[in-house]
K.L.:
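I have a structure I would like to understand better, so I am pasting it below and will then ask my questions one at a time.
Given the structure is predicted, the values throughout are model-derived calculations rather than measurements. FYI, side chains are in, hydrogens and waters are out, and symmetry mates aren't considered; it's all heavy atoms of this structure.
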Amino acid sequence: MTVLVNPTALSDHKARDFKMLIDGKWEAGASNPIERIAPSHGVVVSRFSTGSRKDAERAIAAARKAFDDGPWPRMTASERSAILLKAADLIAARAEELAFLDAIEAGKPITQVRGEIAGSVDIWRYAAALARDLHGESYNTLGDGTLGVVLREAIGVVSIITPWNFPFLIVGQKLPFALAAGCTAVVKPSELTSGSTLVLGEILQQAGIPDGVVNIVTGTGPEVGAVMTSHPDVDMVSFTGSTGVGKLTMSNAAQTLKKVSLELGGKNPQIVFPDADLDAFIDAAVFGAYFNAGECCNAGSRLILHKSIASDVVRRVAELSKGVKVGDPLDPSTQVGAIITPQHLEKISGYVAGARSSGARVAHGGGTLDLGMGQFMSPTILEAVTPDMAVAREEVFGPVLSVLTFETSAEAIRIANSIDYGLSAGVWSRDFDTCLTIGRSVRAGTVWMNTFMDGATELPFGGYKQSGLGRELGRHAVEDYTETKTLNMHIGKRTGWWMPQTEKLV
């Protein structure tokens with residue numbers, strides 16, 4: 001059975017009170033604060049200011065003024081780069097504090113979060129390097145009478161909205177690139193997991209970010225997020241979250257035709273052929289399904305197995321799943337932490353119950369776990385799943401693995417592409433032709449071959465279809481926060497269709 005790691009008491013932990021950052025000042029909201037109850041321990045661990053529409057509007061005004069009149073967009077790239085590098089060093093220095101906040105607020109295993117903070121430091125340093133590489137183009141090939149120059153300019157004020165499942169990592173996939181381009185920003189973290197983003201505000205002030213360049217407003221989507229996505233003084237919205245809220249974000253932004261970058265949901269397949277290295281795949285299947293308790297848009301939540309190996313693979317994945325350690329996020333040996341809220345745990349359980357009633361069988365797990373406090377879900381494997389079932393088509397966002405089967409490559413591709421999502425996929429085969437054929441045929445932003453959920457800051461990330469718009473990370477990430485401007489310069493005598501002036505103008 002799954003190994004349970006019992007929670008340690010957080011009774012001696014004093015809940016931390018956080019304020020919002022607006023125009024360089026830390027402010028409390030006017031109404032009662034949002035209390036965050038640790039999903040693993042059931043006690044209040046943080047209190048966040050409840051931002052209002054007016055708070056969001058003031059933050060946007062501060063960002064607008066900082067962009068239009070302030071020094072940040074007018075600094076040299078090397079000056080901005082130096083501040084981003086200092087921020088990276090300060091993040092590294094406060095890594096344990098940041099990891100602790102994400103662990104207790106999101107229920108994430110502390111060992112996992114430490115890795116995420118280290119990854120964030122690398123991203124901030126990469127963005128600092130890209131700041132100095134941002135450049136335009138020149139065209140000296142347009143004839144003797146024309147010189148063309150294409151400039152890249154910061155797009156302006158960016159609204160950044162981040163989710164609860166990777167609180168610090170995802171803000172790091174957006175904010176440093178916007179800053180590197182010379183933009184200013186208003187950031188809204190999830191009201192469930194705002195702590196580490198607010199600490200980032202302290203770090204950026206210490207690093208030397210001018211007032212108003214980065215503003216952080218905590219609160220709910222209807223109250224704060226709606227303003228950030230529709231306000232006319234916002235030039236771009238970068239959002240990560242559910243596909244449903246992403247559609248609402250796009251609708252709000254359409255009112256003023258803002259640029260929108262969306263990283264949304266996924267229902268990611270791993271396609272496995274009989275000649276695959278099954279030992280390597282079994283490990284990847286367990287990791288891909290249960291990492292971050294499955295609360296991950298990139299989770300490998302669909303196994304599409306060749307029929308000839310399906311029974312053996314399910315048996316081996318179930319056997320390895322028995323050793324997955326579920327429990328206290330503060331225990332370094334924990335691999336799967338708590339589910340974010342009781343309501344979300346109920347939603348996950350509902351998907352499992354619906355699949356069983358539709359004919360799927362539970363090969364492992366299938367239920368909730370009682371550790372005496374908080375909410376936990378057993379790592380779960382469902383076999384005999386068919387492509388029409390909700391559990392095979394919709395994002396469960398929990399540690400639930402659905403197993404489907406195929407006989408031909410064409411059938412595997414058809415199953416993989418049959419849903420609305422297209423964030424990522426994996427293919428397992430020792431035949432490179434097979435891997436490349438699948439990789440070119442599956443409609444997903446990332447396709448892993450004989451691995452799963454590997455990543456690097458240099459590689460772009462984003463989705464097809466309803467998994468989002470645009471890409472994050474990679475060498476073009478700073479360019480996403482810019483506009484291009486053409487300067488068309490005339491040289492010498494004019495030629496062409498110009499009306500002669502027969503009278504002197506008065």
Side-chain angles (χ1 to χ4, degrees), residues 40 81-131 160 162-180 187 189-190 193-204 206-207 209 214 216 240 263 283-284 287-288 290-299 325 328-338 424 446 448 451-461 472-475 477-478:
S40 56
S81 178
I83 292 175
L84 295 181
L85 287 171
K86 187 173 181 180
D89 291 342
L90 293 169
I91 291 168
R94 297 179 71 172
E96 195 61 23
E97 175 189 1
L98 293 164
F100 176 77
L101 284 169
D102 277 5
I104 61 174
E105 291 176 9
K108 299 162 68 73
I110 188 72
T111 302
Q112 174 190 318
V113 190
R114 287 170 178 153
E116 292 170 16
I117 304 301
S120 295
V121 171
D122 182 66
I123 294 172
W124 279 84
R125 289 176 177 155
Y126 184 67
L130 290 182
I160 294 175
T162 58
W164 48 258
N165 58 333
F166 291 93
F168 198 80
L169 182 62
I170 289 180
V171 74
Q173 293 179 183
K174 302 174 184 292
L175 182 58
F177 298 104
L179 295 176
V187 181
S190 168
T193 55
S194 300
S196 61
T197 300
L198 292 164
V199 171
L200 176 61
E202 299 173 2
I203 288 171
L204 292 175
Q206 188 178 352
I209 293 282
V214 175
I216 304 171
T240 295
E263 197 273 282
D283 284 337
F287 172 73
Y290 308 143
F291 173 72
N292 207 59
E295 295 170 330
C296 179
C297 59
N298 226 13
K325 295 184 177 181
D328 182 7
L330 300 180
D331 187 321
S333 69
T334 294
Q335 294 167 302
V336 174
S424 66
T446 298
W448 287 286
T451 187
F452 197 77
M453 220 183 285
D454 280 346
T457 306
E458 292 83 356
L459 300 177
F461 177 72
E472 296 180 341
L473 304 177
R475 66 186 181 91
V478 173

K.L.:
May I ask you to decide if P163's main-chain N or O and S190's side chain share a donor-acceptor pair within less than 3.5 Å?
P.N.:
no

K.L.:
One thing to verify: whether K174 and E263 come together as a salt bridge, which I'm taking to mean a side-chain N less than 4.0 angstrom from a carboxylate O.
P.N.:
no

K.L.:
Set out, in order, the CA-CA distance, both residues' side-chain angles and the distance that settles side-chain contact (heavy atoms from CB on, under 4.5 Å) for W124 and L179, then state yes or no.
P.N.:
CA-CA 10 Å; W124 279 84; L179 295 176; 4.2 Å; yes

K.L.:
Using only atom types and a distance under 3.5 Å, with no angle test, would you say the side chain of T111 pairs donor to acceptor with the backbone of P332?
P.N.:
yes

K.L.:
List the steps and the verdict of side-chain contact (heavy atoms from CB on, under 4.5 Å) for W448 and T446.
P.N.:
CA-CA 6 Å; W448 287 286; T446 298; 3.7 Å; yes

K.L.:
In chain order, what residues pass the ring-ring contact (aromatic ring centres under 6.0 Å, His included) check against F100, with sequence neighbours excluded?
P.N.:
H13

K.L.:
Please check if the side chain of T334 supplies one atom and the backbone of D328 the other of a donor-acceptor pair under 3.5 Å.
P.N.:
yes

K.L.:
Under the salt bridge (charged side-chain N to carboxylate O under 4.0 Å, His left out) rule, collect the residues that match up with E202, sequence neighbours excluded.
P.N.:
R16, R94

K.L.:
How about E295 and F166: do any of their side-chain heavy atoms sit closer than 4.5 Å?
P.N.:
no

K.L.:
Please round to the nearest 0.5 Å and tell me the distance separating atom CG of D122 and atom CD of E458.
P.N.:
6.5 Å

K.L.:
Can any side-chain N or O of E472 pair as donor or acceptor with the backbone N or O of F461 at less than 3.5 Å?
P.N.:
no

K.L.:
Identify the residue among L169, L175, V171 that makes a side-chain contact (heavy atoms from CB on, under 4.5 Å) with I123.
P.N.:
L169

K.L.:
On a heavy-atom basis, which atom in P109 and which in G337 lie closest, and how many Å separate them?
P.N.:
CG-N, 3.8 Å

K.L.:
Please confirm whether the backbone N or O of N165 pairs with a side-chain atom of K108, one donor and one acceptor, at under 3.5 Å?
P.N.:
yes

